[in-house]
Q: 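Can you keep this structure in mind? I'll have questions shortly.
Only this structure's heavy atoms are used, side chains among them; waters, hydrogens and symmetry mates stay out.
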Amino acid sequence: RMRKIIASLHTSLDGFLAGPKGEMDWIKFDAELFDLVGKFTAGADTALYGRITYQMMESYWPNAGDKPNASKHDIDHSNWYNKVPKMVLSHTLQGQDSDGTTFIGGNILKEINELKQQSGKDILIFGSPSAVHSLMEYDLIDDFWLFVNPVLLGKGIPLFEGIKVRKKLELITTKHFPYGVVGLHYTLAT
């Protein structure tokens with residue numbers, strides 16, 4: 001089977017991934033959500049990010065598991081982050097590949113389709129609004145895990161942008177978290 005790209009995204013109830021200045025201080029999570037993220041990472045062997053999210057991840061995850069007060073999630077996610085290849089959609093960093101990180105800035109459709117055809121587990125994208133928008137433009141995201149937070153932002157970075165044709169999704173499962181977040185797992189309908 002072809003590898004799937006699974007997007008894991010927190011969204012406000014009114015459909016924003018972040019506030020107007022990229023604020024994400026409204027996102028709620030707990031150990032139960034971290035356990036679910038652990039299931040995502042167990043089924044994936046490649047991480048995909050946009051440049052801004054990658055730089056945020058890179059500033060935290062490589063050493064997060066080594067800190068004295070590191071949680072189980074910090075240790076597990078740090079280990080996963082450090083071992084998986086990272087693909088980053090970025091025009092500005094293209095050509096600056098480093099050990100384990102490849103920057104894609106050219107033909108996204110061709111490069112990501114080639115990545116999906118390689119053998120391996122699924123490809124996970126966390127957050128990364130601009131990268132998600134680029135991938136959606138080419139129908140490259142197979143599954144969405146949307147974590148709907150009980151907040152209205154009014155404005156910000158929209159969840160869905162640049163959709164040119166109607167897309168049908170199929171609801172696979174829902175997960176209710178005690179602090180008011182609802183997880184919705186959709187796949188592209190065939």
Q: Do any pairs count as a salt bridge (Lys or Arg N to Asp or Glu O under 4.0 Å) and have a residue in residues 15-25, sequence neighbours left out, and if so which ones?
A: none
Q: Treating Ile, Leu, Val, Met, Phe, Trp and Tyr as nodes and any side-chain heavy-atom pair under 4.5 angstrom as an edge, say whether Ile75 and Val84 lie in one connected cluster.
A: no
Q: To the nearest 0.5 Å, what is the distance between CD (Gln118) and CD (Glu114)?
A: 8.0 Å
Q: With sequence neighbours excluded, what pairs up with Ala131 under the side-chain contact (heavy atoms from CB on, under 4.5 Å) test?
A: Leu89, Ile125, Ser128
Q: Run the side-chain contact (heavy atoms from CB on, under 4.5 Å) test against Ser119 and tell me which residues pass, sequence neighbours left out.
A: none
Q: With a 4.5 Å cut-off on side-chain heavy atoms, are Ile112 and Ile104 touching?
A: yes
Q: Do the side chains of Met87 and Ile123 join up, straight or via other hydrophobic residues, at under 4.5 Å, putting them in one cluster?
A: yes
Q: Would you say Trp61 and Asn82 make side-chain contact, with heavy atoms under 4.5 Å?
A: no
Q: Is there any ring-ring contact (aromatic ring centres under 6.0 Å, His included) pair reaching into residues 104-139, and which pairs are they, with sequence neighbours excluded?
A: His77-Phe126
Q: If we only count heavy atoms from C-beta on, is the Leu124 to Thr46 side-chain gap below 4.5 Å?
A: no
Q: According to salt bridge (Lys or Arg N to Asp or Glu O under 4.0 Å), who are the partners of Lys4, at least two apart in sequence or on a separate chain?
A: Asp143
Q: Could you name each residue pair satisfying salt bridge (Lys or Arg N to Asp or Glu O under 4.0 Å) that touches residues 33-58, not counting sequence neighbours?
A: Arg3-Asp45
Q: Is the side chain of Asn63 donor-acceptor paired with the backbone N or O of Asp66 at a distance under 3.5 Å, no angle test?
A: no
Q: Hey, quick one: are Leu171 and Phe160 part of the same hydrophobic cluster, counting side-chain heavy atoms closer than 4.5 Å, chains of contacts allowed?
A: yes
Q: Does the side chain of Tyr81 come within less than 4.5 Å of Met57's, by heavy atoms?
A: yes
Q: Would Val148 and Val181 count as a side-chain contact (heavy atoms from CB on, under 4.5 Å) if you check the C-alpha gap in whole Å, the side-chain angles of each, and the deciding distance to 0.1 Å?
A: CA-CA 5 Å; Val148 182; Val181 169; 5.9 Å; no
Q: Just how far is it from atom CG of Leu48 to atom CD1 of Ile6, taken to the nearest 0.5 Å?
A: 12.0 Å
Q: Would a 4.5 Å heavy-atom cut-off, applied to side chains only, mark Pro129 and Glu161 as touching?
A: no
Q: Please list, chain by chain and in numerical order, all residues satisfying side-chain contact (heavy atoms from CB on, under 4.5 Å) with Asp30, sequence neighbours excluded.
A: Glu32, Leu33, Phe177, Pro178, Tyr179
Q: Are the side chains of Tyr54 and Lys86 in contact, using a 4.5 Å heavy-atom criterion?
A: yes
Q: Find out whether Lys116 and Asp142 are in side-chain contact, i.e. whether some heavy atom of one side chain is under 4.5 Å from a heavy atom of the other.
A: yes
Q: Are Leu188 and Leu140 co-members of a hydrophobic cluster defined by side-chain heavy atoms under 4.5 Å apart?
A: yes
Q: Are Ile27 and Ile52 connected in a single hydrophobic cluster, I mean Ile/Leu/Val/Met/Phe/Trp/Tyr linked by side-chain heavy atoms less than 4.5 Å apart?
A: no
Q: Please determine which of Trp80, Trp145, Phe34 meets the ring-ring contact (aromatic ring centres under 6.0 Å, His included) test together with Phe40.
A: Trp145
Q: Before giving the answer on side-chain contact (heavy atoms from CB on, under 4.5 Å), spell out for Glu111 and Asn113 the whole-Å C-alpha distance, their side-chain angles and the decisive distance to 0.1 Å.
A: CA-CA 6 Å; Glu111 299 244 13; Asn113 269 326; over 6 Å; no
Q: Can I get a per-line list of side-chain donor-acceptor pairs under 3.5 Å for residues 8-17, giving both atom names and the distance, sequence neighbours left out?
A:
{"residue": "His10", "atom": "ND1", "partner": "Asn149", "partner atom": "ND2", "Å": "3.2"}
{"residue": "Ser12", "atom": "OG", "partner": "Asp14", "partner atom": "OD1", "Å": "2.6"}
{"residue": "Ser12", "atom": "OG", "partner": "Gly15", "partner atom": "N", "Å": "3.4"}
{"residue": "Ser12", "atom": "OG", "partner": "Phe16", "partner atom": "N", "Å": "2.9"}
{"residue": "Asp14", "atom": "OD1", "partner": "Leu153", "partner atom": "N", "Å": "3.1"}
{"residue": "Asp14", "atom": "OD2", "partner": "Leu153", "partner atom": "N", "Å": "3.1"}
{"residue": "Asp14", "atom": "OD2", "partner": "Gly154", "partner atom": "N", "Å": "2.7"}

Q: Can you name the nearest heavy-atom pair linking Ser78 to Pro62, along with the distance?
A: OG-O, 3.5 Å
Q: Only counting residues at least two apart or in another chain, list the ones meeting side-chain contact (heavy atoms from CB on, under 4.5 Å) with Tyr60.
A: Ala64, Lys67, Asp74
Q: By the salt bridge (Lys or Arg N to Asp or Glu O under 4.0 Å) test, which pairs, at least two apart or in different chains, include something from residues 147-158?
A: none
Q: Just jot down the side chain to side chain donor-acceptor pair (under 3.5 Å) partners of Lys72, sequence neighbours excluded, or say none.
A: Asp76
Q: For Pro150 and Gly180, which heavy atoms make the closest approach, and how far apart are they?
A: CD-O, 3.6 Å
Q: With a 3.5 Å distance limit and no angle check, can you tell me whether Ser59 reaches the backbone of Met56 through a side-chain donor-acceptor pair?
A: yes
Q: Under the 3.5 angstrom rule, does the side chain of Thr53 hit a backbone N or O of Gly50 as a donor-acceptor pair?
A: no
Q: Is it true that a side-chain atom of Asp122 and a backbone atom of Ile5 form a donor plus acceptor pair closer than 3.5 Å?
A: no
Q: Any heavy-atom pair between the side chains of Leu135 and Glu137 that's under 4.5 Å?
A: no
Q: Partners of Tyr49 by ring-ring contact (aromatic ring centres under 6.0 Å, His included), sequence neighbours excluded?
A: none
